[in-house]
Peer 1: 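Sharing a structure here in structure tokens format.
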Amino acid sequence: MGFEIILVYVLMILSSIACVVYGIINWNKGADVVTEEDKHWVEEEKKIEQEFE
Amino acid sequence: MITMIIVTIAYLLILGFLGWIGYKQTKTAADYLVAGRNTHPYIMAMSYGATFISTSAIIGFGGAAGIFGLGLLWLTFLNIFVGIFIAFIFLGKRTRSMGHHLDAHTFPELLGKRYQSKFIQIFSGSIILTMVLYASVVLIGAARYLQETFQIGFDISLFIFALIIIIYVIAGGMKGVMYTDAFQGTIMFIGMLLLLFLTFSKVGGVKEGHEKLAELNEKAYAEAVVAFKDAYNASGAAVLLDDAKALELVPYFGKVLYQTKDKSDEDKKAISGKIFQDAETATGIKLGEYFGPAVKLMGEQYKKNLGNLAALSKFKDSGHQGWTKMPKGGSPFWWLLVSTIIMGVGIGVLAQPQLSVRFMTVKSKRELNRAVLIGGIFILVMTGVAFIVGALSNVYFYDVNPNTKGMISIIAAKGNGDLIIPTFLTSALPSWFNYIFMLTLLSAAMSTLSSQFHAMGTALSRDIFETLGFVKEVGGKKSIVITKVGIAVMLLITVIIGYFLPEGYIAAGTALFFGLCAATFLPAYVGGLYWKRATRTGAIASIITGFAVSLFWLLLVHVFTISKWGGKSIFGKSVWSMVDPLLVALPISAVVYIVVSLFSKPLDKQHVDGCVKS
């Protein structure tokens, strides 16, 4: 087995673990309040979605 | 076949039902947001993952792993690290807040409003229409599976699958109801996990499978050399070959085999004559007249070895060093694997319009944080499994399956890399699994295709027609008609392209589109999120340069693309002809973006401050 292949097995598993750890640590962080800007954006988005019904 | 049809219809009905529930309760991403509720992170991640991972990743790139080997796993690493970790954390959050601030709903609109340029929006929207190439390889991926499973013609399977997609689109499948996306993502996840388990059980386990794969290259080559020696010596040659001489001559023999494939008789004679001459000069053996009978004899008695020898010789000459090693640095295989497949898709994912818009539909950064967790695992399983299975299929075909014993994957798949995974699935795995996998592929194709046609549809209506003033308002009657007709036309073009694309083109076609998007949009997109000094002129110059250089490189320089159509690179056989367009166009596009921005008039400070918020 080539070194690069062993290395990539390790890296892809480590990067997945990093995603999991990041997700756990930040699970409750970053909750934003829905603003008027957001609400306006949603109304417009719904109009666009009508084209795909 | 009847069971398969019933299972497929049942699946489509479930999708329809979920879509109907979603429609009744209006639970699209936007509805969640306006209701002030969080989309469940599982649903967010599955929906992104199902859009990201298509039949192209499973069939096309899985097949590429059957040729290049486990080196494809570098793409899995980039998909997780760049496509999930960096994309969600560093681009996702800012894309969401900038999109809402600017009231942007499409990727071109985001760029256009950020740089206050209608040109950018229209030009970017037009480029997005080239997504038909990517859509067609996704379509081919599913069609190849149908072709192999039902043993029907490719044209028929392409037609059947196109029909399913048309029904799905007409039934409102593009509305992006998150339940259906999450359902499809779940099926894909389960299907791929089962595939991994069943594959390892077929090749003798994790350790044994890898060990056999590591030995296979030399083993298959050595067996082919022995077969060549036997055939040559039995063909009436004046000087018989011993093992050492056979080993010395085999590379020439292999070269004759693969270089004369599909050539006219006249060309065959000229090419082989030259190779024989080289072989005679190098070895001192007068052999020209015996090669022909040896080939004939191998064709009759050692057919499998003949195929392997042709393929392995081509692989070897291209830098292949086995399925558990990377290709030789700087070789054609290395450039194709590293610069086109790994970098093209691994980096290209950052500027995929249909993926970037997903970031705007989340309610808060918290959802993105949570989705990183699930997305990291999902992508690991989806792409990791496809690539590991693709590489290990060589062990299965060569050692396990009695019908293909002695054949490496590409030979078992009749020379078409796109058929490696479908051939493996239909011959190696139980029929019950094929039902599940059929649904896995349907899910992968439908979720990606629907997002692609959604992106192309909105590019037409909102970015091109509305911006040009042909349509007063998106969502209005005229706009709806234009979108529907536009999508129908693009569906047709997608099917036509799919019909005419060369064999074994799924992975390359995907990589080229991803690369084109990255070179064109990435500097302006990332700079738009982070760099306040970026200007409209800089962005326009970067987008045009990235697109033009990519196109130039693709059509005139990149030998792997041009040779598919019988053309020649203007750089001949120099190393530049093997370099992927992305590696040239992206740096140029980035430099142009920075330099032109620094020397042009900055945008209004208040506007920029509103856009670039941490």
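Throughout, a chain's letter reflects where its sequence line sits, starting with A, and its residues are numbered from 1.
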Peer 1: What part of B:Leu73 is in contact with chain A, defined as an atom under 4.5 angstrom from a non-hydrogen atom: side chain, backbone, both or neither?
Peer 2: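 Looking at B:Leu73, backbone and side chain both touch chain A.
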Peer 1: Checking heavy atoms, do the side chain of B:Ile388, its backbone, both or neither come under 4.5 Å from chain A?
Peer 2: side chain
Peer 1: For the aromatic rings, using the six-membered ring if either is Trp, is the centroid distance between B:His101 and A:Trp41 under 6.0 Å?
Peer 2: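 Ring centroids of B:His101 and A:Trp41 are no less than 6.0 Å from each other.
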Peer 1: Which atoms of A:Phe3 are under 4.5 Å from chain B, going by heavy atoms: the side chain, the backbone, both sets, or neither?
Peer 2: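 A:Phe3 has no heavy atom closer than 4.5 Å to chain B.
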Peer 1: Test your reading of the model: is there a side-chain donor-acceptor pair from B:His210 to the backbone of B:Val206, 3.5 Å cut-off?
Peer 2: yes
Peer 1: So what's closer than 4.5 Å to chain A heavy atoms on B:Ala371: side chain, backbone, both or neither?
Peer 2: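 Contact with chain A: none, neither part.
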Peer 1: Could you look at A:Leu14 and say if it's the side chain, the backbone, both or neither that has a heavy atom under 4.5 Å from chain B?
Peer 2: neither
Peer 1: Indicate yes or no: does A:Glu43 engage A:Lys39 in a salt bridge with an N to O separation below 4.0 Å.
Peer 2: no
Peer 1: Among A:Lys29, A:Met1, A:Glu37, which residue has the highest count of heavy-atom pairs closer than 4.5 Å to chain B?
Peer 2: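 Of A:Lys29, A:Met1, A:Glu37, A:Glu37 has the most heavy-atom pairs under 4.5 Å with chain B.
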Peer 1: So does B:Phe81 have more than 12 non-hydrogen atoms from other groups sitting under 6.0 Å from CZ?
Peer 2: no
Peer 1: When heavy-atom pairs shorter than 4.5 Å are enumerated against chain A, which of B:Ile379, B:Ile89, B:Leu102, B:Thr76 gives the highest number?
Peer 2: B:Ile89
Peer 1: For a side-chain contact (heavy atoms from CB on, under 4.5 Å) check, start with the C-alpha distance between A:Thr35 and B:His100, then their side-chain angles and the critical distance, and finish with the verdict.
Peer 2: CA-CA 10 Å; A:Thr35 60; B:His100 286 208; over 6 Å; no
Peer 1: Any idea which heavy atoms bring B:Gly346 and B:Asn79 closest together, and the distance?
Peer 2: CA-ND2, 4.4 Å
Peer 1: Which one of B:Lys93, B:Glu211, B:Gln321, B:Lys325 has the most heavy-atom pairs closer than 4.5 Å to chain A?
Peer 2: B:Lys325
